[in-house]
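Chain letters run A, B, ... following the sequence lines, proteins first, then strands; residues in each count from 1.
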Number of protein chains: 2
Amino acid sequence: MESKKASSIFEALSSDVRLDVFRLLVKNAPDGLVAGDISRLLDIPATNLSFHLKALVQSGLVTVEREGRYMRYKASIPLMLDIIAYLTSECCSGNPGCCRKFRRESHVDPCFLPER
Amino acid sequence: MESKKASSIFEALSSDVRLDVFRLLVKNAPDGLVAGDISRLLDIPATNLSFHLKALVQSGLVTVEREGRYMRYKASIPLMLDIIAYLTSECCSGNPGCCRKFRRESHVDPCFLPER
DNA sequence: GACATATTTCAAGTTTTGTTGAACTATCCG
DNA sequence: CGGATAGTTCAACAAAACTTGAAATATGTC
């Protein structure tokens, strides 16, 4: 991943509307939700939601497919993990002892955290 | 963490300049770097760098302290881990089997990833 | 104190983003 | 076909962000 690609992904998460939408889709992974459900659950006007969903899809963080007359949106968990990897890579220049200390105090859901 | 706070943190990472700066500071954790070093290493004009460093500090992702006539900037690893936790929380509504599959294929630096 | 170095603040202009309502497109159902 | 439902696109405006050079502030050195 290069810097411009990564920053465009963070840009997609930089609006509270889009962040709420994305987290809702993460919560509803892997099935996703159709636009109307998102609109109702988060109380966002359809027009505005469509604007933000488009931005999320363009970033790659969200995928979309037609389902009859509905549009189903899903979070891309692999890309989410990729930007986490990008952000944390080479932390402390790879000194594991340093990172381990921080990590022990973190609240990252262990569900995401491979063994080491 | 609430949504507006979290999105303002992602907003801080939404510029490629700031993302490069932050990653450089993560790499140089826990000691950090002074502004001039960052400017030289990333080839960013002092004025512009100052603008972006201010944004990073305001987000909380970076801290700063005076050191003689230098200003030393450091990445806040705990806050970085907090937003990762926020982003990934309740993934798949807490269904561990679902997440484990994604995580096995991820490239997240194991340095950050607690055992489970 | 005078001067050099490190960094920030300010002002100005350009560009980008967010929001809204109205109009448009696509699909389903009778 | 015609109407209803689901979503998107468009136009317009308001608000915010990025970049730059010039000026200002703070600290160290002679």
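With rounding to whole Å, A/H52 atom NE2 is found 13 Å from D/dT8 atom P. Whole-Å rounding puts the B/E65 CD to D/dA26 P distance at 19 Å. Distance NZ (B/K54) to C1' (C/dT9): 7 Å, rounded to an integer number of Å. Remark: P of C/dT25 and CZ of A/R66 are 14 Å apart, rounded to the nearest angstrom. Rounded to whole Å, the distance from CD1 on A/I38 to C1' on D/dA6 is 13 Å. Counting to the nearest Å, the C1' atom of D/dT8 and the CD1 atom of A/I44 are 16 Å from each other. Separating the CG atom of B/L42 from the P atom of D/dT19 is a distance of 13 Å, rounded to the nearest angstrom.
Under the rule for a side-chain hydrogen bond (donor to acceptor under 3.5 Å, both in side chains), the partners of B/S3 that lie at least two apart in sequence or sit in another chain are A/D20. For B/A75, the side chain to side chain contact (heavy atoms under 4.5 Å, CB included) partners two or more places apart in sequence, or in a different chain, are B/F22, B/L25, B/V26, B/I77. Residues that satisfy the side-chain hydrogen bond (donor to acceptor under 3.5 Å, both in side chains) test with B/R66, not counting sequence neighbours, are absent from this structure. The side chain to side chain contact (heavy atoms under 4.5 Å, CB included) check on B/K27 picks up A/E90, A/S93, with sequence neighbours excluded. With sequence neighbours excluded, the residues forming a side-chain hydrogen bond (donor to acceptor under 3.5 Å, both in side chains) with A/E65 are A/K74, listed by chain and number. Here B/R69 pairs with nothing under the side-chain hydrogen bond (donor to acceptor under 3.5 Å, both in side chains) rule; sequence neighbours left out.
Contacts of residues 2-25 of chain B with DNA chain C (heavy atom under 4.0 Å): none.
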Would you mind writing out the side-chain donor-acceptor pairs for residues 45-53 of chain A within the sub-3.5 Å range, not counting sequence neighbours?
unit_1: A/N48; atom_1: OD1; unit_2: A/H52; atom_2: NE2; d: 3.4
unit_1: A/H52; atom_1: ND1; unit_2: A/R18; atom_2: NH1; d: 3.1

Write down the protein N/O and nucleotide N/O pairs, taken from nucleotides 2-8 of chain C, whose separation is under 3.5 Å; answer none if there are no such pairs.
unit_1: C/dT5; atom_1: O4'; unit_2: B/R69; atom_2: NH1; d: 3.1
unit_1: C/dT7; atom_1: OP1; unit_2: B/A35; atom_2: N; d: 3.2
unit_1: C/dT7; atom_1: OP1; unit_2: B/G36; atom_2: N; d: 3.4
unit_1: C/dT7; atom_1: OP1; unit_2: B/M71; atom_2: N; d: 3.4
unit_1: C/dT7; atom_1: OP2; unit_2: B/G36; atom_2: N; d: 2.6
unit_1: C/dT8; atom_1: OP1; unit_2: B/Y73; atom_2: OH; d: 2.2
unit_1: C/dT8; atom_1: OP2; unit_2: B/S50; atom_2: OG; d: 2.9
unit_1: C/dT8; atom_1: O5'; unit_2: B/S50; atom_2: OG; d: 3.2

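The backbone N or O of A/C91 sits nowhere less than 3.5 Å from a side-chain atom of B/R23 that would complete a donor-acceptor pair.
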